[in-house]
Peer 1: 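Here's a structure for you.
For clarity, every value in this text was computed on a predicted model and none was experimentally measured. Note on naming: letters A, B, ... go to the chains in the order of the sequence lines (proteins, then strands), and numbering restarts at 1 for each one. Below, each value reflects all heavy atoms present in this structure, side chains not excepted, and no hydrogens, waters or symmetry copies.
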There are 2 protein chains.
Amino acid sequence: MLNLSKYAVLYPVKNMKQKKYHHGNLKNTLIQVGIKILAEEGIGALSLRKVAKNAGVSHAAPYAHFKDKRALIAAMATEGHTRIYEKNSEIIEVFADMPLQQLVKTACAYLDFGMDNPDLFRITFSGVVERERDYPALVEITQKNFEILREIALRCQAEGIFDADDADLLAVSLWGTVHGLVSLILQGQISGEVLAHNSPRKLLLFSLNQMTRVEVGAGL
Amino acid sequence: MLNLSKYAVLYPVKNMKQKKYHHGNLKNTLIQVGIKILAEEGIGALSLRKVAKNAGVSHAAPYAHFKDKRALIAAMATEGHTRIYEKNSEIIEVFADMPLQQLVKTACAYLDFGMDNPDLFRITFSGVVERERDYPALVEITQKNFEILREIALRCQAEGIFDADDADLLAVSLWGTVHGLVSLILQGQISGEVLAHNSPRKLLLFSLNQMTRVEVGAGL
DNA sequence: CTCTCTATCTTGACAGCGTCAAGATTATCT
DNA sequence: AGATAATCTTGACGCTGTCAAGATAGAGAG
């Protein structure tokens, strides 16, 4: 569960135990510690001071790397987007020239990411992007993910999977459908009765089926 | 803008100016003041103490009516859901026996509610419902809204507007599509370039069109 | 009308929070 | 080696959610 590669990111490389005045890798550590708190204690327990303490530094140390709390959250959101991006890239490679499979697999991965990391998912799309200028890395990775989806939509159109011809509209529509479903589930809006009869994945595949002209199966 | 009916809710009925030890209508006042803060200063400025101050009572007065901050937020979410419910009811009545119109109009109203009250929208669907047992009123109104959507979906199916036959699945799918689109827009996830070429309403209608077998126009 | 009970509200306190200023420490570059 | 800049600590500020104790007032019983 606690593999070494993650550990190496959490602590400075040279000497893990000996406490030094200069941490050596504090910025990344803070991001990873923040995500860890998110996973273990939830979004309500995420405070700058706790992140600092768990990283082994004083309460004001983060301000050497982040302008304020929002900046740390933006960095965590960037990390979330990056994880999605890496998974998407992998899927595109594995299912090259199979756009429908790419669409279904990336959608399922999006769902899984949300179910596995509910609070990181929330933060990833929490809208820190508002002040675009302040977080260029976040804006960039967001656009890269959208570009991937847009590309998939375009290829699906070429295979006649969709009626529509506008790739931007189609990409937004697909993203919204998947994102909305995941959001509703994570926020406990879907009644227990409905969820008892329909797994999240089934709900997702149903939604995708509604939008495509062909039959979409789990393919699993 | 500041009509009398709302004002009557904000302050005790008997005497508006004279300060009394017992407020008289504090519970509702706190909810409305909270929503007002949400609209004017945003979700980050919403604190129990500020709500209390703006309502003219001491900082601990709210605890006579709400167990904690989450309870007040749950009440505000209930108010948000109630506003949506009332609008939905009105639409259903006006467009009786026109299920497709009901679907499009309620979807547009959902979008408008989000665009007009971004932070109230966020709170309304923020997932306070998690601990279902604690907020029965919120669960109830949530289910009533879902029931409305389910009913509309059912009637649309009867008219052959959708392929699918499962009303629950269809309702969740439609809700997710609309909710996701509004969420993405409110959280600044849709790039400015895409938004420049496509209004929120256009995006919504496109998504609905993707799901139906018939052409959906604005009808406005 | 008065007494009692209970709901409502105030005051005061506490720890935890985000943030800033001042100073200490260490890495980096000339 | 010495200067400069980056990094981290310490201490302080006001704000927050929450609780305990007490003040006030409305409601019902006699």
Peer 1: I need the CG-P distance between Asn25(A) and dA27(C), as an integer number of Å.
Peer 2: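 It works out to 15 Å between those atoms.
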
Peer 1: Can you tell me which residue pairs pass the salt bridge (charged side-chain N to carboxylate O under 4.0 Å, His left out) test with a partner in residues 42-60 of chain A, sequence neighbours excluded?
Peer 2: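 Only Glu41(A)-Lys50(A) qualify under salt bridge (charged side-chain N to carboxylate O under 4.0 Å, His left out).
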
Peer 1: Please write out the pairs of protein N or O atoms and N or O atoms of nucleotides 16-18 of chain D separated by less than 3.5 Å, giving the distance to one decimal.
Peer 2:
{"residue": "dT16(D)", "atom": "OP1", "partner": "Ser47(B)", "partner atom": "OG", "Å": "3.0"}
{"residue": "dG17(D)", "atom": "OP1", "partner": "Leu48(B)", "partner atom": "N", "Å": "2.9"}
{"residue": "dG17(D)", "atom": "OP1", "partner": "Lys69(B)", "partner atom": "NZ", "Å": "3.2"}
{"residue": "dG17(D)", "atom": "OP2", "partner": "Leu48(B)", "partner atom": "N", "Å": "2.9"}
{"residue": "dG17(D)", "atom": "OP2", "partner": "Arg49(B)", "partner atom": "N", "Å": "3.2"}
{"residue": "dG17(D)", "atom": "N7", "partner": "Arg49(B)", "partner atom": "NH1", "Å": "2.7"}
{"residue": "dG17(D)", "atom": "O6", "partner": "Arg49(B)", "partner atom": "NH1", "Å": "2.8"}
{"residue": "dT18(D)", "atom": "OP2", "partner": "Tyr63(B)", "partner atom": "OH", "Å": "3.0"}
{"residue": "dT18(D)", "atom": "OP2", "partner": "Lys69(B)", "partner atom": "N", "Å": "2.8"}
{"residue": "dT18(D)", "atom": "O5'", "partner": "Tyr63(B)", "partner atom": "OH", "Å": "3.2"}
{"residue": "dT18(D)", "atom": "O4", "partner": "Arg49(B)", "partner atom": "NH1", "Å": "3.3"}

Peer 1: Thinking salt bridges, do Glu147(A) and Lys144(A) make one under a 4.0 Å N-O criterion?
Peer 2: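 No, Glu147(A) and Lys144(A) are not salt-bridged.
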
Peer 1: Rounded to whole Å, how long is the line connecting atom CG of Leu30(A) with atom C1' of dC8(D)?
Peer 2: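 Nearest whole value for this atom pair: 12 Å.
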
Peer 1: Taking the six-membered ring for Trp, are His179(B) and Phe125(B) parallel (under 30°), tilted (30 to 60°) or perpendicular (over 60°)?
Peer 2: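 The rings of His179(B) and Phe125(B) stand perpendicular, inter-plane angle above 60°.
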
Peer 1: Any side-chain N or O of His65(A) less than 4.0 Å from the OP1 or OP2 oxygen of dC8(D)?
Peer 2: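 Yes, because at least one side-chain N or O of His65(A) sits under 4.0 Å from OP1 or OP2 of dC8(D).
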
Peer 1: Would you sort out whether Met115(B) and Ile185(B) count as a side-chain contact (heavy atoms from CB on, under 4.5 Å), showing the intermediate values?
Peer 2: CA-CA 9 Å; Met115(B) 303 298 283; Ile185(B) 293 174; 4.0 Å; yes

Peer 1: Can any side-chain N or O of Asn88(A) pair as donor or acceptor with the backbone N or O of Asn145(A) at less than 3.5 Å?
Peer 2: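 Not at all, since once roles are kept as given, no pair shorter than 3.5 Å links the two residues.
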
Peer 1: Hey, is the main chain of Asn25(B) close enough, under 3.5 Å, to the side chain of Thr29(B) for a donor-acceptor pair?
Peer 2: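 The answer is yes, because a donor-acceptor pair under 3.5 Å joins these two groups.
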
Peer 1: dT9(D) C1' sits how many Å from Leu26(A) CG, rounded?
Peer 2: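 So the two atoms are 13 Å apart, to the nearest Å.
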
